[in-house]
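Below is one structure; the comments refer to it alone.
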Amino acid sequence: MNQRVNLGKALPKAYESMLQLDAQAMEAAQAAGWAKGFCHLLKLRASQINQCAFCLRMHARDAVAAGESVDRLSVLPAWRETGYFSTKEAAALALTEAITLIAEGQVSDEVYESAKAQLGDAEIAAVQWLAVVINGWNRIAIGSRYTVA
């Protein structure tokens with residue numbers, strides 16, 4: 001396999017901007033009341049959908065380090081089938097999935113209205129920014145074929 005361009009090295013200022021955006025999104029999420037560990041679960045769920053191995057490994061470790069349980073981490077792909085997530089967390093997960101799968105029908109009114117019924121504006125904005133950022137990171141890592149070994 002040919003070596004791919006490492007976007008962080010090719011354009012370090014843009015990469016630094018992504019790091020800053022990520023930090024701002026995490027700060028906003030925590031200010032809105034989302035636990036740091038759950039923020040990593042949201043990032044992990046988008047990375048599962050996008051099949052980004054690099055981000056999966058990183059956010060699984062980060063979630064556990066931030067206090068998330070192995071049980072919640074383990075059932076994340078089937079979160080709807082469990083009792084591990086509150087109604088607010090379920091709304092955030094559904095919104096994250098819809099944003100990640102945006103090409104498959106946009107963010108439906110049903111998903112958004114469900115989120116709006118459970119979450120305040122700051123919580124919704126934080127979830128949306130976390131989804132935007134992790135989807136960007138997934139595309140950086142997958143497009144550059146960041147190694148996982």
Please evaluate residues Leu119 and Trp34 with respect to the criterion side chain to side chain contact (heavy atoms under 4.5 Å, CB included), reporting the C-alpha separation (whole Å), side-chain torsions for both, the decisive distance (0.1 Å), and the verdict.
CA-CA 11 Å; Leu119 310 173; Trp34 295 114; 3.7 Å; yes
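A donor-acceptor pair is defined here as one N or O able to donate and one able to accept, closer than 3.5 Å; no such pair exists between the side chain of Ser114 and the backbone of Glu110.
Under the 4.5 Å side-chain contact rule for hydrophobic residues, Ile49 and Val107 do not share a cluster. Cluster membership for Val64 and Trp79, using ILVMFWY side-chain heavy atoms within less than 4.5 angstrom, is shared. One hydrophobic cluster, built from ILVMFWY side chains closer than 4.5 Å, holds both Ile134 and Tyr15. Criterion: ILVMFWY side-chain heavy atoms under 4.5 Å apart, direct or through other members. Under it, Leu11 and Leu19 are not part of a common hydrophobic cluster. One hydrophobic cluster, built from ILVMFWY side chains closer than 4.5 Å, holds both Tyr112 and Leu42.
To the nearest 0.5 Å, atom SG of residue Cys55 and atom NZ of residue Lys43 are 9.0 Å apart. For the atom pair Arg139 CZ and Ser144 OG, the distance stands at 13.0 Å (nearest 0.5 Å). Here the OG atom belonging to Ser47 is positioned 3.5 Å from the CG atom belonging to Asn138, to the nearest 0.5 angstrom. Distance check, rounded to the nearest 0.5 Å: CD of Glu16 to CG of Leu21 gives 11.5 Å. Atom CD in Glu97 sits 9.0 Å away from atom CD in Gln48 (nearest 0.5 Å). Atom-to-atom distance recorded for Met58:CE and Trp137:CH2 is 7.5 Å, nearest 0.5 angstrom.
Taking all atoms of both residues into account, the shortest heavy-atom contact from Ala91 to Gln118 is CB-CB, 3.9 Å. Of all non-hydrogen atoms in Met26 and Cys39, the two that sit nearest each other are SD-CB, 3.6 Å. Considering every non-hydrogen atom in both Val111 and Ser108, the closest pair reads N-OG, 3.0 Å. Considering every non-hydrogen atom in both Met18 and Gly136, the closest pair reads CE-C, 4.1 Å.
In the model, Thr100 has a side-chain atom that pairs as donor or acceptor with a side-chain atom of Asn135 under 3.5 Å.
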Review item, side-chain donor-acceptor pairs of residues 65-77, under 3.5 Å, at least two apart:
from  : atom 1 : to    : atom 2 : distance (Å)
Glu68 : OE1    : Arg72 : NE     : 2.7
Glu68 : OE2    : Phe38 : N      : 3.3
Glu68 : OE2    : Arg72 : NH2    : 3.1
Ser69 : OG     : Arg72 : N      : 3.0
Asp71 : OD2    : Tyr84 : OH     : 3.4
Arg72 : NH1    : Tyr84 : O      : 2.7
Arg72 : NH1    : Glu89 : OE1    : 3.0
Arg72 : NH2    : Glu89 : OE2    : 2.9
Ser74 : OG     : Val70 : O      : 2.7

Expected list for residues 120-133: side-chain donor-acceptor pairs under 3.5 angstrom, two or more places apart:
from   : atom 1 : to     : atom 2 : distance (Å)
Asp121 : OD1    : Lys116 : NZ     : 2.3
Glu123 : OE1    : Gly120 : N      : 2.6
Glu123 : OE2    : Lys88  : NZ     : 2.5

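Residues Thr96 and Leu93 have side chains not in contact (no heavy-atom distance under 4.5 Å, counting atoms from C-beta outward).
The salt bridge (Lys or Arg N to Asp or Glu O under 4.0 Å) check on Arg61 picks up nothing, with sequence neighbours excluded.
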